Peer 1: 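Got a structure for you, written out below as structure tokens; questions coming shortly.
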Amino acid sequence: MLDIRQIAQDPERFRAALARRGPAVEALDAVIALDVERRQLIVRADTLRHEKSEAEKAMRTADKSSEAFAGFRDRMRQIGEEIRGVADRQRDVDAAMNDGLMRIPNIPDDAVPDGRSSDDNVVLRTWGEKPVFDFEPKEHWAIGEALGLLDFERAAKITGARFTVYKGLLARLERALASFMLDLHTQQHGYTEVLPPFLVNHDSMRGTGQFPKFEEDAFHVDDGLVLVPTAEVPVTNLHRDEILEEVPVRYTAFTPCFRREAGGYGRDTRGLIRQHQFQKVELVQFVAPEDSDAAHEALTGHAEAVLQALGLHYRVVDLCVGDLGANAARTFDLEVWLPGQNTYREISSCSNFRDFQARRARIRHRPADTRKPQLVHTLNGSGLAVGRTVVAVLENGQQADGTVLIPPALRPYLGGLERIA
RNA sequence: GGAGAGGUGGCCGAGUGGUCGAAGGCGCCUGACUCGAAAUCAGGUGUGGGGCAACUCACCGUGGGUUCGAAUCCCACCCUCUCCGCCA
């Protein structure tokens with residue numbers, strides 16, 4: 001959520017920044033108009049309430065059987081009616097303005113490149129090299145099914161499309177990768193491990209910006225709860241409505257993620273790339289505003305460290321405005337090389353939200369100098385998407401004989417196992 | 001699921017119809033004392049909104065209601081704790 005006062009103060013700045021995203025600008029004018037009306041109503045209600053409280057002071061000491069007291073009482077009834085009327089309108093206007101604000105996306109950082117789609121993203125750097133094969137590399141589902149360790153058909157039977165059953169060493173590989181990543185982030189990068197609930201309420205979904213715009217993308221269960229689409233939601237909301245004593249705060253969490261993938265019907269129908277349920281190790285940071293750009297670079301580096309340790313070739317791209325998520329001010333994607341698909345695929349998305357989520361979720365800290373609470377900046381990134389890491393390990397480690405070589409760094413987590421056969 | 005207790009400022013905790021944005025304590029800030037620190041003493045210290053400002057308004061779990069007036073009374077809901085039942 002953007003700050004209505006900043007918008008009112010300098011609407012042109014916001015208009016220009018949002019125009020880069022396209023049609024989002026129009027919602028801005030409606031919100032500005034509602035804000036003007038809102039302020040007028042506040043002044044009116046405050047004036048009435050002031051008159052009321054002055055009268056109340058007089059009534060405290062007045063003789064309750066006097067004529068003056070009776071006169072006050074009648075006047076007070078009248079004021080009470082007026083206040084109720086103004087307050088009702090105020091509540092409606094406030095709700096409308098707030099709803100509008102909640103639907104306006106974040107303003108992109110000036111550094112975000114122009115562009116309409118992922119084709120316009122800018123490659124910042126590349127690590128490692130494409131592995132060379134003396135045979136035609138297969139795609140991960142072919143490798144997994146040939147080994148008898150991936151079962152899409154039975155998953156479709158017991159649940160439906162876009163679900164998978166992992167078996168044997170592949171199930172263990174997923175578990176090993178998660179442990180490996182969590183150990184790296186907690187021991188080397190200063191994150192505290194968190195195991196949050198996998199169901200959250202609507203307030204949490206609003207706090208991180210998934211709602212109200214993307215309600216149809218989530219799986220809803222009864223009682224108004226929602227299956228988490230990412231650990232970002234429960235972990236960032238850990239500190240909703242709080243004033244943090246110290247920043248930065250860094251959390252990492254391994255959770256399942258559930259997404260309807262509404263609108264993605266034709267895409268990635270085979271394999272593990274686009275599932276309704278997948279697992280992810282997430283990195284979340286709460287930092288002082290002046291530190292968020294540096295924290296963004298650092299967090300991206302923490303995600304990169306996983307790929308480097310696994311020896312997986314990847315590149316880092318700076319998302320253009322057209323590809324940038326609604327809540328983010330800036331996002332760096334990590335794209336791992338998948339030889340079976342002969343392409344780079346997103347395996348991590350590292351975003352700086354600045355105060356956009358913090359304002360929605362009311363997450364603040366006390367700066368040492370002022371002691372006045374101030375909104376923090378929030379950041380998060382996958383470190384990494386575990387299912388897609390399994391894909392990368394399979395496709396990059398595949399051998400001519402159908403076996404898969406395990407990256408050395410991961411072997412301690414698999415009892416020393418060197419290859420999946 | 002049943003019975004009971006409770007939700008008040010950064011934290012603990014008092015407050016049962018008006019003089020309560022709220023006693024007291026802890027914590028924190030400033031000053032005194034000290035070479036310095038601790039201890040002690042004095043003062044200060046909630047959050048958010050509106051207004052150029054003086055100033056003003058709201059907020060005691062959430063939402064309604066009663067009343068001239070509600071932290072305080074009534075209703076609904078949410079959450080926490082204790083005991084019982086059930087259960088991985």
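Quick caveat, the model's predicted, so the values are computed rather than measured. The chains referred to below are lettered A, B, ... by the order of the sequence lines, with proteins before strands, and numbering in each begins at 1.
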Peer 1: Would you call the rings of A:His189 and A:His185 parallel, tilted or perpendicular, taking 30° and 60° as the class edges?
Peer 2: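 A:His189 vs A:His185 ring planes: tilted.
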Peer 1: Could you check how far CD of A:Gln78 sits from P of B:rU67, rounded to whole Å?
Peer 2: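 Value for this atom pair: 17 Å.
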Peer 1: Any side-chain N or O of A:Arg366 below 4.0 angstrom from OP1/OP2 of B:rG46?
Peer 2: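 For A:Arg366, the contact criterion (side-chain N or O under 4.0 Å from OP1 or OP2 of B:rG46) is not met.
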Peer 1: Verify whether the ring centers belonging to A:Phe258 and A:His276 lie closer than 6.0 Å.
Peer 2: no
Peer 1: Which residue, A:Met76 or A:Gln374, contacts RNA chain B at a nucleotide closer to its 5' end, judged by nearest heavy atom?
Peer 2: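 Result of the comparison: A:Gln374.
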Peer 1: What's the gap between B:rU8 and B:rA3 when it is taken at their C1' atoms, as a whole Å value?
Peer 2: 26 Å
Peer 1: Between B:rG50 and B:rG1, how far apart are the two P atoms, rounded to whole Å?
Peer 2: 43 Å
Peer 1: Can you measure A:Asp3 atom CG to B:rG48 atom P for me and round it to whole angstrom units?
Peer 2: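 These atoms are roughly 12 Å apart.
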Peer 1: Measure the distance from CZ on A:Arg84 to C1' on B:rU67 and round it to the nearest whole Å.
Peer 2: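 That distance rounds to 10 Å.
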Peer 1: Compare side-chain N and O positions of A:Arg49 against OP1 and OP2 of B:rC57 and report whether any pair is under 4.0 Å apart.
Peer 2: no
Peer 1: Is any side-chain N or O of A:Asp46 under 3.5 Å from a base N or O of B:rG51, one able to act as donor and the other as acceptor?
Peer 2: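 Absent.
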Peer 1: Can you tell me the base-pairing partner of B:rC81? Count Watson-Crick or G-U wobble geometry only, both distances below 3.5 Å, and say none if there is no partner.
Peer 2: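 When the pairing criteria are applied, B:rG4 turns out to be the nucleotide that pairs with B:rC81.
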Peer 1: Only pairs with both distances under 3.5 Å count, Watson-Crick or wobble alike; so what is the partner of B:rC59 in this structure?
Peer 2: B:rG46
Peer 1: Reckon A:His50 has a side-chain N or O less than 4.0 Å from the OP1 or OP2 of B:rC57?
Peer 2: yes
Peer 1: For B:rG51, take OP1 and OP2 only and decide whether either is under 4.0 Å from a side-chain N or O of A:Arg39.
Peer 2: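 Yes.
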Peer 1: Watson-Crick or G-U wobble partner for B:rA38, using a 3.5 Å limit on both distances?
Peer 2: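 Base partner found: none.
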Peer 1: Using the C1' atom as the point on both nucleotides, what is the distance between B:rA42 and B:rA53, in whole Å?
Peer 2: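 The answer is 33 Å between these two C1' atoms.
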Peer 1: Are A:His220 and A:Phe211 an aromatic pair by the rule of ring centers under 6.0 Å?
Peer 2: yes
Peer 1: Whole Å only: how far is the CZ atom of A:Phe72 from the C1' atom of B:rU67?
Peer 2: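 That distance rounds to 17 Å.
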Peer 1: Take atom CD in A:Glu290; do more than 12 heavy atoms of anything else shown fall under 6.0 Å from it?
Peer 2: yes
Peer 1: Within the structure shown, what part of the strands sits under 4.0 Å from A:Ser53 by heavy-atom distance: base, sugar-phosphate, or nothing?
Peer 2: sugar-phosphate
Peer 1: Heavy atoms only, 4.0 Å cut-off, all strands: where does A:Arg91 land among base, sugar-phosphate and nothing?
Peer 2: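 Sugar-phosphate only.
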Peer 1: Taking only the C1' atom of each, what is the distance from B:rG2 to B:rA88 in whole angstrom?
Peer 2: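 Roughly 22 Å separates the two C1' atoms.
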Peer 1: Rounded to whole Å, how long is the line connecting atom NZ of A:Lys52 with atom C1' of B:rG69?
Peer 2: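 Going from NZ in A:Lys52 over to C1' in B:rG69 covers 7 Å.
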Peer 1: Can you check the A:His202 NE2 to B:rC78 P distance for me, whole Å?
Peer 2: 15 Å
Peer 1: Is the shortest side-chain N to carboxylate O distance from A:Asp29 to A:Arg15 below 4.0 Å?
Peer 2: yes
Peer 1: Tell me if the aromatic rings of A:His377 and A:Phe353 count as close, with their centers under 6.0 Å from one another.
Peer 2: no
Peer 1: Please state how far atom CG in A:Asp241 lies from atom P in B:rC79, giving the value in whole angstrom units.
Peer 2: 16 Å
Peer 1: Round to the nearest Å and state the distance from A:Glu37 atom CD to B:rG49 atom C1'.
Peer 2: 17 Å
Peer 1: With a 4.0 Å cutoff (strictly under), does any side-chain N or O of A:Arg362 reach OP1 or OP2 of B:rU47?
Peer 2: no
Peer 1: With nearest nucleotide decided by heavy atoms, which residue, A:Arg5 or A:Glu51, maps closer to the 5′ end of RNA chain B?
Peer 2: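 Going by which nucleotide is closer to the 5' end, it is A:Arg5.
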Peer 1: Using atom C1' in both nucleotides, what's the gap between B:rU56 and B:rG21 to the nearest angstrom?
Peer 2: 14 Å
Peer 1: When you measure from the side chain of A:Ile42, which nucleotide among B:rC68, B:rU47, B:rG49 comes out closest?
Peer 2: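 Given the options B:rC68, B:rU47, B:rG49, the side chain of A:Ile42 is closest to B:rG49.
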Peer 1: Paired with B:rC86: which nucleotide, if any, by Watson-Crick or G-U wobble criteria at under 3.5 Å for both distances?
Peer 2: none
Peer 1: Under 4.0 Å, counting only non-hydrogen atoms across every strand here, what does A:Arg44 touch: a base, just sugar-phosphate, or nothing?
Peer 2: nothing
Peer 1: Quote, to the nearest angstrom, the P distance that separates B:rG24 from B:rC78.
Peer 2: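 Here B:rG24 and B:rC78 have their P atoms 37 Å from each other.
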Peer 1: Considering Watson-Crick and G-U wobble pairs with both distances under 3.5 Å, what does B:rG10 pair with?
Peer 2: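 Pairing partner: B:rC26.
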Peer 1: Look at the side chain of A:Val43 and decide which nucleotide, out of B:rG50, B:rC68, B:rU47, has an atom nearest to it.
Peer 2: B:rG50
Peer 1: Answer with yes or no after comparing the ring centroid distance for A:Phe286 and A:His365 against a 6.0 Å cut-off, counting only values under it.
Peer 2: no
Peer 1: What interatomic distance, in whole Å, is found between P of B:rG27 and the corresponding atom of B:rG51?
Peer 2: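 To the nearest whole Å, 40 Å.
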Peer 1: Any salt bridge linking A:Asp94 with A:Arg91? Criterion: basic side-chain nitrogen under 4.0 Å from a carboxylate oxygen.
Peer 2: no
Peer 1: Suppose you measure atom C1' in B:rA70 against the same atom in B:rC75; what distance do you get, rounded to whole Å?
Peer 2: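 These two C1' atoms come out 15 Å apart once rounded.
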